[in-house]
2 protein chains.
Amino acid sequence: MADPRRDDRAGGTIEPIGERADRAPLTRDRILRSAVALIDAEGLHQLSMRRLGRELGVEAMALYRYVPSRSDLLDGVVETVVDELYADPEVHLLPQHSWQEYVIRLAHGVRRMALAHPEAFPLVATRPPAAPWVRPPLRSLRWIESFLQGLLSQGFSRADAVHAYRAFSSFLLGHLLLELSALGVDTGPVEEEAHPTPGVELLADYPLLAELAPGLAEFHFDAEFDEALHNLLDRLGPGTGDVPTD
Amino acid sequence: MADPRRDDRAGGTIEPIGERADRAPLTRDRILRSAVALIDAEGLHQLSMRRLGRELGVEAMALYRYVPSRSDLLDGVVETVVDELYADPEVHLLPQHSWQEYVIRLAHGVRRMALAHPEAFPLVATRPPAAPWVRPPLRSLRWIESFLQGLLSQGFSRADAVHAYRAFSSFLLGHLLLELSALGVDTGPVEEEAHPTPGVELLADYPLLAELAPGLAEFHFDAEFDEALHNLLDRLGPGTGDVPTD
DNA sequence: ACCTGAACACCGTTCAAGT
DNA sequence: ACCTGAACACCGTTCAAGT
C-alpha cells in the first residue's frame with residue numbers, strides 16, 4: 001500500500017511493476033521452507049530444482065549458490081521438518097514427570113509431524129542417516145542425545161536407554177509408514193497415482209479376504225498406535241535391557 | 001559345449017558372431033528379472049527404462065510393449081521379489097505345527113528376502129498397495145489370505161487374525177527398514193552415496209552420544225529382531241484382540 | 001509382430017557470461 | 001555478489017516408420 005507517487009519524479013528508478021512480490025533475497029532457509037511447502041502441496045515427485053526455482057521466481061541454477069545439490073536439498077527438507085518437533089508445545093526435550101509420559105508425548109509429536117507432512121515424512125523415515133547408529137525417524141543428534149539423557153535421568157542404565165532408543169525407533173517407523181501407506185501416500189522412490197481399483201473383482205480367488213475385507217478396511221490407527229505404544233512401554237523401563245551394547 | 005561343426009556345411013544359416021548371447025525373446029518376465037538383477041547389482045537409482053533396455057540389448061522403447069510404464073515396471077519388480085517367498089523351503093504357506101512357528105518362519109523368510117535384495121526391499125515396503133488394507137511388506141493377496149487362514153486354523157478368531165496381521169506388518173516394516181538403513185541402503189526416494197563421515201567431530205556438543213556411540217554402533221539385528229518378534233508373539237494369539245474390526 | 005529413430009518435454013548440474 | 005543462458009548428458013513416453 002506504499003504511495004506510488006513517491007517515486008514519480010522524472011528519472012526516478014521506479015520499481016518495475018512486473019516484479020514478483022516475493023522478491024525477498026534468496027537464502028537457504030527460504031529455499032528449504034519453499035521446498036517443504038511444495039512437497040506438502042504437490043507431493044515429493046513435484047520437487048525438482050527447476051520447479052522449485054520457478055516457485056521462488058528464480059532460475060534453477062540460482063539455487064546452487066545455497067544448496068550444493070538436490071540430495072543436500074532433501075537432507076535440508078528432512079532437517080526442517082524434524083525441527084518442527086522443537087516447536088511442538090506438547091513435546092518436551094526432557095522428561096517433566098515420568099519417562100512414560102515423556103516417551104508418549106514424543107511419540108505423539110512425531111506422529112503429528114508425520115500426519116502434518118505426509119508427503120515429506122517418507123524422507124524423514126528413509127534418507128540415509130548421518131551415521132549408521134542414527135535411526136530414523138528420531139534422527140537429529142540433538143534429539144537422540146536428549147532422549148538418552150532423559151531416560152538416564154529417570155533411572156535407566158545406559159544399556160536400557162540404548163535399547164529403548166532402538167525399540168522406539170522401529171516402533172515409530174513401522175507404525176507411521178504403515179499409516180501413511182494406508183492414506184495413499186507414496187512412501188517410496190517413485191511417485192504415482194493413489195490406490196487403483198480397490199480390487200473387489202480380484203477377491204474372487206480369496207474367499208477369506210473377501211469376507212474380511214470390510215473389517216480389514218476399517219482404520220483404527222489412533223487405537224493401534226496407542227496400543228502398540230503401551231505394549232512397548234510395558235517392555236521397556238529400567239532393568240529390562242537384554243541386548244549387550246559393548 | 002555343443003559341437004560347432006554341426007553347422008559348418010556351406011549355405012547353412014550360421015548364428016551371427018556379433019549377436020549377443022542373451023538374444024532370447026523379450027518377455028515381461030525376462031524384463032522383470034533383469035530389472036531385479038540390475039537393482040541388486042547397481043542400486044535402484046540405476047534402474048531407468050533406457051538403462052534396462054541397454055541391459056537387454058534393446059532400445060528402451062521396445063520395453064513398452066511388455067511394460068506399460070516405469071511405474072508398472074516397479075510394481076512388477078515388487079511382485080517378482082515377493083514371489084521368492086513361495087520358493088523358500090523354510091517358509092510354509094500354512095501352519096504345520098503351531099501358529100507361533102508359522103509366524104516365526106514367515107518373519108525370517110521376509111527378512112531373508114529383504115537382506116537378499118536390500119536395494120529392492122524399500123520398494124516392497126513402500127510402493128502404494130493395491131488396496132488401502134493391504135499392508136506392506138506382506139502385500140500379495142495370496143499371502144494375506146493364507147496368513148489369515150493359517151491363524152484361523154489355529155484357533156484365532158477373525159478379529160484376532162486381522163489384529164495379528166496388522167501388528168505383524170508394522171513389526172516387519174519397522175525392523176527391516178531400520179536394518180537396511182543401518183546397512184547404508186538408501187531406503188528413500190532418492191539415491192545417494194552411503195554414510196558420509198561418521199561425524200565424530202559433530203559429537204562435541206553431545207557428550208552422552210560421544211560416550212555411548214560405540215555401544216550404539218554395535219549392531220545386534222539378529223537378536224533385536226528375534227526379541228521383538230517374540231514379544232510380538234506373546235501379545236498375539238487367540239483371545240487377545242482388543243481393536244474392533246467392524 | 002516386434003523393434004527403432006526421432007521427437008517432446010522434462011531432469012540435475014556446470015560454467016562462462018551478464019548486471 | 002548474485003543471477004542467468006547455454007550447454008551436456010541424461011530422463012519417461014509417444015508415434016510414425018522400418019523390417
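Letters go in sequence order (proteins before strands), and every chain restarts at 1. What you see is a predicted model, and the numbers here were worked out from it, not measured in a lab.
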Subject >> Cationic N near anionic O, under 4.0 Å, A:Arg30 to A:Glu55 >> reply: no
Distance-only donor-acceptor hits, side chain of residues 79-86 of chain A, under 3.5 Å, sequence neighbours excluded:
from: A:Thr80; atom 1: OG1; to: A:Gly76; atom 2: O; distance (Å): 2.8
from: A:Glu84; atom 1: OE1; to: A:His117; atom 2: NE2; distance (Å): 3.0
from: A:Glu84; atom 1: OE2; to: A:His117; atom 2: NE2; distance (Å): 2.8
from: A:Tyr86; atom 1: OH; to: A:Ser140; atom 2: OG; distance (Å): 3.4

**OP:** To the nearest Å, give me how far apart CD (A:Glu59) and C1' (D:dG5) are.
**Re:** 8 Å
**OP:** Dot-bracket notation for DNA chain C is requested: 5' to 3', Watson-Crick or G-U wobble pairs only, both distances under 3.5 Å, with ( ), [ ], | and . as defined.
**Re:** ||.|||||...|||||.||
Subject >> Partners meeting ring pair (Phe, Tyr, Trp, His ring centres under 6.0 Å) with A:Phe168 (sequence neighbours left out) >> reply: A:Phe147
Original post:
Using a cut-off of less than 4.0 Å, is there contact between a side-chain N or O of B:Tyr66 and OP1 or OP2 of C:dA1?
Top reply: no
Original post:
Is the A:Phe225 to A:His108 ring centre distance short of 6.0 Å?
Top reply: yes
**OP:** Starting from C1' on D:dT4, measure out to CZ on A:Arg54 and report it in whole angstrom.
**Re:** 16 Å
Original post:
Taking atom CG of A:Leu173 and atom OG of A:Ser169, what is their separation to the nearest 0.5 Å?
Top reply: 8.0 Å
Subject >> Residues A:Arg112, A:Glu90: salt bridge by 4.0 Å N-O rule >> reply: no
Original post:
Who are the ring pair (Phe, Tyr, Trp, His ring centres under 6.0 Å) partners of A:Phe221, not counting sequence neighbours?
Top reply: A:Phe219
Subject >> nucleotides 12-19 of chain D: protein proximity per nucleotide (B base, S sugar-phosphate only, - neither; heavy atom, under 4.0 Å) >> reply: BBB-----
Original post:
What residues, two or more places apart in sequence or in another chain, satisfy side chain to side chain donor-acceptor pair (under 3.5 Å) together with B:Gln149?
Top reply: none
**OP:** Can you tell me the distance, in whole Å, between the CG atom of B:Leu52 and the P atom of D:dC10?
**Re:** 17 Å
Original post:
Rounded to the Å, how far apart are A:Gln46 CD and C:dC10 P?
Top reply: 11 Å
